[in-house]
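Below, read A as the first sequence line, B as the second, and so on, with proteins coming before strands; counting in each chain starts at 1. Hydrogens, waters and symmetry mates play no part in the numbers below; they use all other heavy atoms, side chains included.
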Number of protein chains: 2
Amino acid sequence: MYQAPFSIPVIPRGLERCLVHYVFYLKKTLVIFQTFQYNRYENDFIYAYLGGGGILYVGDRMATISDVAERAGLSRTTVSRVINQHPYVSEEKKKLVKQAMEELQYVPNSNAQKLRKQKTETIAVYVPRLTNPFFSQLVETMEEVAAEEGFQLLFCQTRYNKQQELSYLQLLRGKQIDGLILTSMENHWSEIEPYLTYGPIVLCNEYDYEAKVPMAHLDQVMGGYIGTKHLIDRGHQSIVYCSSEPGGSRVSKGRQEGYIKAMQQIGISIKPEWMYTDQFTIEGGKRLFYRLHNLKERPTAVFTGSDEVASGLIFEARKNGYRIPDDLAVIGFDDQPVAELLGLTTVKQPVHQLGRTAMELMVEQIQSSRKISSNRVELPFELIIRDST
Amino acid sequence: MYQAPFSIPVIPRGLERCLVHYVFYLKKTLVIFQTFQYNRYENDFIYAYLGGGGILYVGDRMATISDVAERAGLSRTTVSRVINQHPYVSEEKKKLVKQAMEELQYVPNSNAQKLRKQKTETIAVYVPRLTNPFFSQLVETMEEVAAEEGFQLLFCQTRYNKQQELSYLQLLRGKQIDGLILTSMENHWSEIEPYLTYGPIVLCNEYDYEAKVPMAHLDQVMGGYIGTKHLIDRGHQSIVYCSSEPGGSRVSKGRQEGYIKAMQQIGISIKPEWMYTDQFTIEGGKRLFYRLHNLKERPTAVFTGSDEVASGLIFEARKNGYRIPDDLAVIGFDDQPVAELLGLTTVKQPVHQLGRTAMELMVEQIQSSRKISSNRVELPFELIIRDST
DNA sequence: AAGATTTATGAAATCGATTCCAATTTAAGG
DNA sequence: CCTTAAATTGGAATCGATTTCATAAATCTT
């Protein structure tokens, strides 16, 4: 190993960074060797800069509460009291502190606050994927409500992945978030329940009657029923069901139950080739069309679990000369913006209300310390009839 | 004030919570008075429970690194080394530590880590609003890349609000995030630049040639030009321009510039009533239709700054008996999923690549300590011709 | 075999806030 | 004017981790 031909002074902590930055700024190469073993891995003093350009911002050390206290000639305690709006601080000192904060451009280090206060003012939202307009609307609303209430939103996509979902649950244990909203559930509730010890969980859209937690959702059985019933009322008998969500989600199970209920009510026995549960995108809708198209006995109507699937299906059907709804009636789900544009009959979900309610339940939960209630809010569906049925 | 008829023992910190929880569990009412004045506001000992029900989870105290150290019969330092995968820990002790962590279900408190390490592994993304599919796609991709790289995503909507945007910038100063990605900019760059001292900022979609920060964006002038040129090539002369973003954004300015360039190239002088800059939703597209419909001299083609506006416009036009593109040609922007469904000609933005590039630039920026480069990545547009022109 | 490295470990300091506890001053009550 | 309660203030402990610094044991070098 290279042996420096001169003795190297110990560089005080903090200074070494500045040195490197300065040399970087001068566009020179700097190599500092220090032989103390611990430097090797804990704070690597060996730097080499090998070219390039750009402007370097070496930030000043951020002002801390101690700086403010010193400048104001008061104790940290008093400054903290001003920050947190405690009573029992005289107007006079309050003004001194505020001025010092202003002058130093002081902003409290939120990690220190979180550590000490043991709360984070952050709520995580788990969504399978964001590009589904249903979920992006949900998240948009939730962010709005959270912001109103002074909370931040940590955003996670589970990508319909069980393992991903479980790994994100660790955020609760690591005290990184105050609470968790699940908009879908890949794992069984019993897998998730233990995490309640570490903080509140709220279900939104997704639901489970076993779970003793607040939830905002819709009666999916009713949703499936309403949609199917509408198709039946239009005179259809051979109706295909295609759900939007994979896995063992209650949501899709409920919808399917509603479909079956409606069909049985008029005494139609359901053929196995009428059930599809693996499509949940526009592309999925297109694929669905070809599957149906190739059936010996083609259905006359399709109940889809999302407007995305419905639009893909209609798109591909039209391309193949089908007239909608005469050759094939299609009903969607959600009432996404695209539904209006395409004249799609659909079962409307009150997304805004859903998101708002869930977030409000969460905030309430957090603010009422650790009391866990199982407040269940069920919102109504609405059938929007357009031209596709 | 109520005077307790007996002396009340001082309740040790920590126990009081448990007491309350236990009494709650028993569904009794408990009132604890303590007369020490400080309790009044700093930690309120006065509880009263007045009914209700539910299950109470009184979490165990979370295991800390000290607990792990004690159980393993080692020091905190060694445990920390195992957590952070430092070398110089013998296999034997490593196993001891891992076992202790397992047994205690230990998860490090991330706030303590952030405080000590002075980094948060969290990146904030500012988006004007999420329900615009362009932005939701962007965020989806960014979250994916961030997750790959081990970062979390804090999600903020600025709602096209200058003040909101500035207030969110404080997150950087409060060390709550390692970096910030802006997908739109309400404020002038000079307002934002000072915050660079506190951490890296990356521009995505939005851009500003003055800003010496990494950015991933598209040549919006070219985008505006390509779209307009296409309409001109189709034989149109009276072309209305409608941009998707309000405010002084470079993006819309650039696009407008491209439009003007294309028009001037063939010697058409632009009428003031051909320029609209305040519509950016489906509803906005509908409104736009009526404005155009009421003009004495109706245009034959419209260049819109987003597929949303374009679809609203087409929807309303068709409702009023227009044939597209014969009576009115419309070109969109973005190539959102809806464009294909509606057969909308559009200027496609490579959203995935845009989001991925921006996030990669950010991660690189964070990992290369504080070196600030002005790496600018410009991605290409693509014209997608369908049936609306 | 002596000196120089490398490996391995832990006690104590530190990150930047809040909370506890004690002490002092001011106001209210009788 | 004395007693009691309320209003102020600050020093030290604490939150739960990482990093510094010191020191000892094992391994190389020559």
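Scored by the ring pair (Phe, Tyr, Trp, His ring centres under 6.0 Å) test, A/Y195 finds no partners at all (sequence neighbours excluded). Looking at residues two or more places apart in sequence or on another chain, you find no side-chain hydrogen bond (donor to acceptor under 3.5 Å, both in side chains) involving B/N161. Among residues two or more places apart in sequence or in another chain, the ring pair (Phe, Tyr, Trp, His ring centres under 6.0 Å) test is passed with B/F155 by none. By the side-chain hydrogen bond (donor to acceptor under 3.5 Å, both in side chains) test, A/E144 is found to be paired with no residue, residues two or more places apart in sequence or in another chain being considered. A search for side-chain hydrogen bond (donor to acceptor under 3.5 Å, both in side chains) contacts involving B/R76 returns nothing, not counting sequence neighbours.
Here A/N84 reaches the OP1 or OP2 of C/dT18: one of its side-chain N or O atoms lies under 4.0 Å away. Proximity of B/K93 to the phosphate of C/dT9: a side-chain N or O atom is located under 4.0 Å from OP1 or OP2. For A/Y88, no side-chain nitrogen or oxygen approaches OP1 or OP2 of D/dT8 to under 4.0 Å. Under 4.0 angstrom from either OP1 or OP2 of D/dT14 there lies no side-chain N or O belonging to A/Q118. Contact annotation: A/T78 side-chain N/O to D/dT9 OP1/OP2 distance is not under 4.0 Å. Distances shorter than 4.0 Å separate some side-chain N or O of A/S80 from OP1 or OP2 on C/dT18.
Checked by atom type and distance alone, the side chain of B/Y198 never pairs as donor or acceptor with a backbone atom of A/M62 at under 3.5 Å. Under the 3.5 Å distance criterion, the side-chain polar atoms of B/E165 are matched with a main-chain donor or acceptor of B/N187.
Near DNA chain D, meaning a heavy atom under 4.0 Å away, there are no residues from residues 166-173 of chain B.
Atom pair A/K114:NZ and C/dT18:P shows a separation of 13 Å (rounding to whole Å applied). Between the NZ atom of A/K117 and the C1' atom of C/dG16 there is a distance of 13 Å, given to the nearest Å. The distance from atom CG of A/N111 to atom C1' of D/dC15 is 13 Å, rounded to the nearest whole Å. Going from atom NE2 of A/H86 over to atom C1' of D/dG10 covers 14 Å, rounded to whole Å. Across the protein-nucleic acid pair, B/R76 atom CZ and C/dT14 atom P stand 14 Å apart, rounded to whole Å. Rounding to whole angstrom units, OH of residue B/Y106 and C1' of D/dA17 are separated by 7 Å. Here C/dT9 presents its P atom at 10 Å from NZ of B/K94, a figure rounded to the nearest Å. Between the P atom of C/dT9 and the CD atom of B/E91 lies a distance of 10 Å, rounded to the nearest Å.
Each of B/V89 and B/L115 has a nearest nucleotide on DNA chain C; the 5'-most of these lies closest to B/V89.
No hydrogens or angles were tested; on distance alone, a donor-acceptor pair under 3.5 Å links the side chain of A/T77 to the base of D/dG11. Put simply, the side chain of B/R116 and the base of C/dG16 share no donor and acceptor less than 3.5 Å apart.
With 3.5 Å as the limit, one finds no donor-acceptor pair spanning the side chains of B/S80 and B/T77.
When the nucleotides C/dT18, D/dC15, C/dA17 are ranked by their closest atom to the side chain of A/T64, C/dA17 comes out on top.
Within 4.0 Å (heavy atoms only), A/K175 reaches no atom of the nucleic acid at all.
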